[in-house]
Amino acid sequence: MNSDSAKSKSKEGVLFHSLDTAEVLKQLESREAGLTAEEAARQLERYGKNMLQEAKSKSLLAKFIEQFKNVMIFILLAAAVLSGILGEWTDTIIILLVVILNAVLGVIQENKAEQALEALKSMSSPQARVRRGGQVTEIKSEELVPGDIVLLEAGNVVPADLRLLEAASLKTEEAALTGESLPSDKQSGVLEGNDLVIGDRTNMAYMSSSVTYGRGVGVVTATGMHTEVGRIAGYISEAENEVTPLQKKLDELGKYFTFIILGVCVVIFVVGWLEGRELLDMLLTSISLAVAAIPEGLPAIVTIILALGVQRMAKRKAIIRKLPAVETLGSTEIICSDKTGTLTLNKMTVEKLYVGGETVEADSKINDTPGGDLLLQAMTLCNDSSIDEGKGAGGKATDGARSEVKPGSAGGTRSGKAIIGDPTETALVDFALSIGTDKRELEQRYPRVNELPFDSDRKLMTTIHKLDNGEFRVLTKGAPDVLVSKCSHIQENGTVVPLTEAHISRITASNKSLADEALRVLAFAYRDHAEQPSDPSPEGTEKDLVFIGLTGMIDPPREEVRDAVAVCRRAGIRPVMITGDHRDTAAAIAKRLGIIDDDKAVLTGRELDQISEADFATRVADYSVYARVSPEHKVRIVKAWRQMGKIVAMTGDGVNDAPALKSADIGVGMGITGTDVAKGVSDMVLADDNFTTIVVAVEEGRKVYSNIRKAIQFLLSANLGEVVTLFIATLIGWRILEPIHILWINLVTDTLPALALGLEKADNDVMSKKPRKSSSSIFAGGVGIGIIYQGLLEAALTLLVYYWAHTHYDEGVAVTMAFATLGLLQLTHAFNVRSNTKSLFQIGLFSNRYMLGASVISGLLLVLVIIIPGLNDWFGVEHLSGLQWGIVCGAAVAIVVIVELVKLVLRLSGRSKNWE
C-alpha cells in the first residue's frame, strides 16, 4: 500500500487529547480489552508497519556524477585538457586528482538525511506489551496498529503515539521532542483546546519518548510516519540542501572566468590571424592565455583553507561535518539557540530557599539558619534519588530511564558526586550534599519505614522515618498551595507555632516571588509522632503538618554564555532563544543572559499559530524568545529569518530540532546531549554543548572567509597580471613567455603563498564588525579593485623589465628576466595581500611564519630552474648576471612599495573602512 492511500485512512486529523476515552476507543474502532488478532491483521494491512520510511536515495554513481555539475569544475577539466595538449601531464594528473577528490568528499557528505532517519528508527522501542483479545502479550513494535492497547511502565520506550487511558504517577521524558528539560507529568483526563502544543498534551504519550516514573495504559492513535517523530522524519527528507554563500560566489566566479577566457582567446586569435601569423602559433598562444587565466588551484586551495579551519575549530570544541559550513559561519547574522543544555547547564539547581520567614540564597549559610537543618533533612529524606556508590548507573530496575547527573556531564554537580533520579530530586540531594548534608548518612540514621509516592492528583509525596529517639517523623513535599492547606503549624525561630493568616500571606508572597523568577518551587513540611502512624493513607498522614520552608530551583544559565551573547551583539549577530519550556521560564533565562529586556519580545507557539506566514515574515524581527514551540514552529522561525535574507544558524539536541537544523544555513548539533538524529542533520557539532563555542566558531568562520578572500585576491591578481602581460605582448608582437613558464609560475608561486594566506591570523577587531551580507560580492571591500590595480601593476612591471632587457640584451635573457620578474613579483605581492588597508609593517613582516617559509621555498624553486644547467635548457631560460638579478629583484620589491603607498593614502583619506 502506498503512503498516500495510507495517509488518507489515517486518524491523524482527529484531536484525541480533546476526546474522552470512550470516544477515543470508538474513533479507533477498539475497546479496553484490545483488538482481536484478526482486527490487528486488518489494521496492519490498512496502515502498514509501525516503521519510519527510508529516504529515497540516489545510486552512488548518480551522486558522483552530480558533483561535476559545477562551473569551476568544468573550468578545471578544461585546464586539464589544455595542459594535456601542451604536454604538461603532471598538471593534468594533479588537476584531475583534485576534481575526483572533491567529488568523493561530496558523495560522502550526501547521506545526511538517510543517516538521520536511521537514527530515528533506532530510537523506536523494539518490543511492546499490548492487550489483544483481553490477553497481555509482547509483540514487535513494528506490528503495532492504531487501536492497540499498550501497557507502559518505568524504563519503557513509548512504541507509538498513544492516548492515555490510565496514568498512575506516570512521567515521560520528552525533551527530545518538546525541548522541555523536566519529565512531563501525564494524566488520562480530557484536555480542552484545539491548539495545544505537544508539551501541553499531557494525556498523550509520543513515540521515542521514555517512561521515567509510574505506569500507564494507552491506545495507539498513530504509527510509523503518522506519529510526531514520523512527521519530523518527513521534514528531514523533504528539506533541500542549499549551496552556501561561498559556493554561490565561486560558481559566479567560474562563469565570469569562462566568458573572460573565451573573449581573450578569441581576440588574440583574430588579431594574430589578421596580422597574418600562423594559425597553429596563434592557437598555442591562445592556449597559453587560457592556462594563464584559469585559476586551476583555486578550488583546491579554498578546500585546504577550509580544512585547516576545521582543524582549528576541532581544537576549540566545534566539530565541522561539512567543509563549506566553516565559511557560512563567518556570515551568520542570526543564531537560533535551544535553551536547555546550550544556554543553560541542563541540570536543575537549587537557587533560593524560604525558611525562618525569609528568602535566602542557596548556600552553606542555611546550616546556621533556624529551621535550616530540618529543611535539609526533608529535602534529602523525602526523596527517591540516590548517590552513586560506584556500582554502576543502573540503580533500581526502574531507574534505567531516569536522570543521572554525573560530575563530568554537561551540567555537572555541585557536590562532585554522581546522583541518580528525577532531575528535581537530584537537585535537592546535590545541594544538600554540597554543603555537608549526606543523604546516605541521614538514611542510616533515620531509616524510611513507609511512604506515599508522589501522585499527580495529590501533588504531594510523603515518607515516614524512624528517629533515633524511637519516635517517627512524617516528611512531606509538594506544590506550595496544596501543602500549606495541609499544615496547621509552622517552624519559626526553631520553635513550632500555630500557622496564622500572616504566615500564609508571607509564604504566598515568597512563593510568588520565586515563581516570578521562573523558579520551580517546592514546599516542605513535617510532623512527629510518638508511634508509627496507624493509618498510612494520605488522609491519615498528610494533615496537621508543620510547615518548614520552600525551595526554588531552575536549570540555570551557563556563566560564560552572557559574555558570549554580548560578543554576539557587538558582532552584529542576533541571538534568538527557541525552547519547548514555558513562557515564564524562557523569559527569565533570556533576561539573565541579556537576550531580551522585557516580555514583549517573547512569543509562544500558540500565539505563533495565530499569525499568518505573510504577517510573520514581516514581524519575525520583533521576537527574540519563542516558548512552548513545536518542530513546525521552529522551521517557520528559521525560514522567516531566511526570507529576510539573513544567514541563520540553528542549534538543537533533540529529535524536535532536526527539521529546523536542516532548514537553517548552519545546523549546530549537541555532542554530549544531542540525539543521533540531531547530529545527523547538523553541519557542525559542539563537543561541549556550549553556546560560547558557537561564537568561537563564528569568529573562526569570519577568519576563514577573510583568508579565502585574500587567497582569491592573490591568485586572481596574479592571473590577471599574467593575462595582461601576454595579451599586450602578443598585440605588440613580443614572444615574452612560453606556456611552460606560465604553468611553472602558477604551480610554484601560486600554491604555497595562497595556502600561507589561509593561515593568516584574524584581526583583533574581527568580532566588532557587522556580519557581511550573503548577497555581498566576494569582490566587495576593495578585493575587486585590488585584483585589478595590483594585476595591472604586475603586468606593467614585467613588461617594463622585458622591454629594458629586450633593448639591452638578447631575446633569451629578456625572456628569462620577464619569467623571473613575474614569478618573484607574485611572491612579494603575497605579502601585500595580507591586508588591504594595514601596512605590512603594522601587521608584522614576520608575524606569519608560514608566509616566510612559502616565499623561501617557492623562490628557490623558481630560481633553481634558471641556474641549474640542463634544467634551464628544458625551460628555455638562461643564466642571469648580478645586475640582471638586481633589476628583477628591484621590480619585485617595487610592487610592495607602490601598494604600501596606496594603503597609506587610503588610511589618511579615511576610506580604509570601505576596503575591509
Side-chain angles (χ1 to χ4, degrees), residues 154 171 182-183 212-213 345 347-353 355 362-369 371-400 402-409 411-454 460-469 471-478 483 491 520-528 548-553:
K171 293 185 181 183
L182 293 171
T212 63
Y213 198 86
L345 292 173
K347 186 186 81 71
M348 292 299 289
T349 304
V350 177
E351 282 212 344
K352 292 188 176 182
L353 305 165
V355 63
D363 55 35
S364 59
K365 293 178 182 177
I366 191 67
N367 284 315
D368 302 322
T369 303
D373 57 339
L374 195 54
L375 179 59
L376 288 169
Q377 187 183 114
M379 289 164 61
T380 51
L381 290 177
C382 187
N383 193 311
D384 283 335
S385 61
S386 60
I387 300 170
D388 189 1
E389 301 284 358
K391 299 175 183 177
K396 300 175 185 178
T398 58
D399 282 342
R402 300 178 73 186
S403 164
E404 177 176 5
V405 184
K406 299 180 180 180
S409 68
T413 59
R414 288 184 179 188
S415 61
K417 298 285 186 181
I419 304 171
I420 304 166
D422 178 88
T424 301
E425 294 194 328
T426 60
L428 297 171
V429 171
D430 181 41
F431 166 68
L433 194 59
S434 71
I435 61 172
T437 300
D438 193 320
K439 176 179 170 67
R440 294 165 294 189
E441 294 175 2
L442 285 178
E443 285 180 329
Q444 286 183 352
R445 185 176 177 186
Y446 309 123
R448 185 185 298 188
V449 295
N450 210 335
E451 63 184 282
L452 295 171
F454 176 82
L460 297 173
M461 172 185 177
T462 294
T463 56
I464 303 173
H465 302 265
K466 185 175 183 179
L467 304 181
D468 43 18
N469 63 2
E471 294 185 350
F472 294 84
R473 177 165 291 168
V474 171
L475 295 172
T476 303
K477 74 175 179 196
L483 188 58
Q491 177 81 214
R520 179 182 173 90
V521 185
L522 280 179
F524 295 86
Y526 82 102
R527 184 183 177 189
D528 287 340
I548 305 172
L550 305 172
T551 62
M553 291 168 283

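No experiment lies behind these values; they were computed from the predicted model shown. Side-chain atoms are counted along with the backbone in the values below, which use heavy atoms only and exclude waters and symmetry mates.
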Calculate, to the nearest 0.5 Å, the distance between atoms [atom1] and [atom2] belonging to [X] and [Y] respectively.
{"X": "Thr462", "Y": "Leu475", "atom1": "OG1", "atom2": "CG", "result": "8.5 Å"}
{"X": "Leu522", "Y": "Leu428", "atom1": "CG", "atom2": "CG", "result": "6.5 Å"}
{"X": "Met461", "Y": "Glu451", "atom1": "CE", "atom2": "CD", "result": "6.0 Å"}
{"X": "Asp430", "Y": "Ser385", "atom1": "CG", "atom2": "OG", "result": "9.5 Å"}
{"X": "Phe524", "Y": "Thr551", "atom1": "CZ", "atom2": "OG1", "result": "4.0 Å"}
{"X": "Leu353", "Y": "Ile366", "atom1": "CG", "atom2": "CD1", "result": "4.5 Å"}

Any side-chain heavy atom of [X] sitting closer than 4.5 Å to one from [Y]?
{"X": "Leu460", "Y": "Leu452", "result": "no"}
{"X": "Tyr446", "Y": "Gln377", "result": "yes"}
{"X": "Thr349", "Y": "Phe431", "result": "no"}
{"X": "Lys477", "Y": "Glu425", "result": "yes"}
{"X": "Leu442", "Y": "Leu376", "result": "no"}
{"X": "Val355", "Y": "Leu374", "result": "no"}
{"X": "Leu375", "Y": "Thr369", "result": "no"}

Under the 3.5 angstrom rule, does the side chain of Arg448 hit a backbone N or O of Leu381 as a donor-acceptor pair?
->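 The answer is yes, because a donor-acceptor pair under 3.5 Å joins these two groups.
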So, does Asn383 use its side chain to make a donor-acceptor pair with the main chain of Met379 at under 3.5 Å?
-> yes
Would you find more than 12 non-hydrogen atoms of other residues, nucleotides or ligands less than 6.0 Å from Arg473 atom CZ?
-> yes
Residues Thr463 and Cys382: closest non-hydrogen pair is OG1-CA, 3.5 Å
Ala427 versus Met553, closest heavy-atom pair with distance |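 Scanning both residues, the minimum pair turns out to be CB-SD, 4.0 Å.
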Can you sort out the partners of Glu443 under side-chain hydrogen bond (donor to acceptor under 3.5 Å, both in side chains), two or more places apart, ordered by chain and number?
->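 Listed in chain order: Lys439.
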Salt-bridge criterion met for Lys365 and Asp363 (N-O under 4.0 Å) | no
